[in-house]
**Student:** 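Just dropping this structure here.
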Amino acid sequence: MLEARLRKSQRLETIGTLAGGIAHDFNNLLTPILGYAEMGVMSLSSEEPMHDYFNEIMLAAERARHLVSQILTFSKSQESTTAIVSVQAVIEEALKLLRPSIPVTIRIEQHIEKNCRNILADSSKLHQVIVNLSTNAFQAMEASGGVLTIELREIT
């Protein structure tokens with residue numbers, strides 16, 4: 001039994017090392033994407049439609065960079081980082097990324113209080129929690145449709 005647990009532990013360590021290597025390579029691929037998107041935003045006026053497309057590319061690349069950070073945390077190459085986070089902004093960004101994947105038979109209702117204070121958290125982990133909960137909810141309603149309600153309010 002002890003040998004089996006040791007082999008399992010070694011496999012998990014190997015997976016973590018592999019994930020860390022892939023994450024570093026992926027991060028290297030994101031750098032030029034983000035750089036070119038930033039140059040695109042700077043070279044266009046905000047009225048041009050392409051300006052918004054470049055902004056969306058930048059947001060997606062930043063989200064991917066946060067996912068890389070999560071993978072590196074898993075592989076123990078990097079510690080989780082906390083910072084002052086606007087939960088409202090994280091929810092808004094998560095829903096913006098989720099909306100295209102949610103069937104039109106599911107309506108999203110948001111009840112987000114704008115005056116909620118910021119929190120000290122890891123924004124990537126918070127984003128992942130919102131995405132996971134929302135994904136579970138819409139999968140539960142996928143066949144019949146329904147309303148996905150997201151609410152944020154401060155309580156004492």
Side-chain angles (χ1 to χ4, degrees), residues 5-38 40-41 52-143 145-156:
R5 286 172 45 195
L6 176 61
R7 274 189 299 248
K8 183 177 181 180
S9 176
Q10 288 172 333
R11 279 194 310 267
L12 288 174
E13 185 178 340
T14 301
I15 290 169
T17 303
L18 178 64
I22 292 169
H24 280 291
D25 289 345
F26 190 66
N27 207 29
N28 291 340
L29 294 171
L30 285 173
T31 301
I33 293 170
L34 195 54
Y36 284 119
E38 286 175 358
V41 165
D52 291 338
Y53 295 148
F54 281 119
N55 267 331
E56 290 300 319
I57 292 169
M58 286 172 48
L59 286 173
E62 281 300 327
R63 180 53 47 210
R65 191 169 268 171
H66 287 296
L67 289 173
V68 167
S69 175
Q70 285 182 298
I71 293 169
L72 290 173
T73 298
F74 165 75
S75 69
K76 295 185 174 55
S77 297
Q78 179 178 326
E79 291 299 314
S80 178
T81 56
T82 57
I84 306 276
V85 175
S86 165
V87 181
Q88 299 93 317
V90 174
I91 290 173
E92 182 180 311
E93 183 179 339
L95 290 178
K96 193 174 190 179
L97 292 174
L98 271 173
R99 182 69 254 184
S101 64
I102 296 177
V104 294
T105 58
I106 298 173
R107 190 177 42 145
I108 298 176
E109 282 187 8
Q110 298 179 53
H111 304 285
I112 311 293
E113 288 186 5
K114 299 296 179 194
N115 60 346
C116 290
R117 290 176 280 184
N118 294 338
I119 63 170
L120 183 63
D122 182 326
S123 65
S124 294
K125 288 182 180 175
L126 184 58
H127 184 274
Q128 194 62 48
V129 166
I130 294 164
V131 167
N132 287 348
L133 288 172
S134 300
T135 300
N136 290 346
F138 93 70
Q139 286 175 346
M141 297 185 281
E142 204 164 20
V147 179
L148 172 61
T149 304
I150 297 180
E151 182 174 342
L152 175 69
R153 61 187 169 97
E154 218 172 276
I155 59 171
T156 304

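Quick caveat, the model's predicted, so the values are computed rather than measured.
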**Student:** Please check if the number of heavy atoms outside R117 that lie under 6.0 Å from its CZ is greater than 12.
**Tutor:** no

**Student:** Starting at CE of M141, measure out to CG of N136 and round the result to the nearest 0.5 Å.
**Tutor:** 10.5 Å

**Student:** Which atom names give the shortest non-hydrogen contact between A64 and F26, and what distance separates them?
**Tutor:** CB-CE2, 3.9 Å

**Student:** Do T31 and R65 have side-chain heavy atoms sitting under 4.5 Å apart?
**Tutor:** yes

**Student:** Looking at S9 and R5, would you say the former's side chain and the latter's main chain have a donor-acceptor pair under 3.5 Å?
**Tutor:**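 Answer holds: no.
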
**Student:** Rounded to the nearest 0.5 Å, what's the gap from CD1 on I150 to CG on L95? Could you check?
**Tutor:** 4.0 Å

**Student:** Where is the tightest heavy-atom contact between P103 and F138, given as atom of each residue plus distance?
**Tutor:** CD-CD1, 3.8 Å

**Student:** Atom CD in Q139, atom OG1 in T135: separation rounded to 0.5 Å?
**Tutor:** 6.0 Å

**Student:** Step by step, work out the side chain to side chain contact (heavy atoms under 4.5 Å, CB included) result for Q128 and L67.
**Tutor:** CA-CA 9 Å; Q128 194 62 48; L67 289 173; 3.6 Å; yes

**Student:** Under 4.5 Å between any side-chain heavy atoms of L30 and N27, yes or no?
**Tutor:** yes

**Student:** On a heavy-atom basis, which atom in V85 and which in S123 lie closest, and how many Å separate them?
**Tutor:** CG2-CB, 4.0 Å

**Student:** Please report the interatomic distance CG(L148) to CD1(I106), rounded to the nearest 0.5 Å.
**Tutor:**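 Going from CG on L148 over to CD1 on I106, the span is 7.5 Å.
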
**Student:** Give a yes or no on this: more than 12 heavy atoms of other residues, nucleotides or ligands lie within 6.0 Å of atom CD of E92.
**Tutor:** no

**Student:** Between the main-chain N or O of I112 and the side-chain N or O of Q88, is there a donor-acceptor pair closer than 3.5 Å?
**Tutor:** no

**Student:** Rounded to the nearest 0.5 Å, how far does CG of L34 lie from CG of L29?
**Tutor:** 12.5 Å

**Student:** Atom CD in E62, atom CD in E93: separation rounded to 0.5 Å?
**Tutor:** 9.0 Å

**Student:** Could you pull out the closest heavy-atom pair between I33 and A61, with the gap in Å?
**Tutor:**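 Where I33 meets A61 most closely, the heavy atoms are CG2-CB, 4.4 Å.
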
**Student:** Any donor-acceptor pair under 3.5 Å linking the side chain of E151 with the backbone of H111?
**Tutor:** no

**Student:** Got I119 and L126 here, is their nearest side-chain heavy-atom distance under 4.5 Å?
**Tutor:** yes

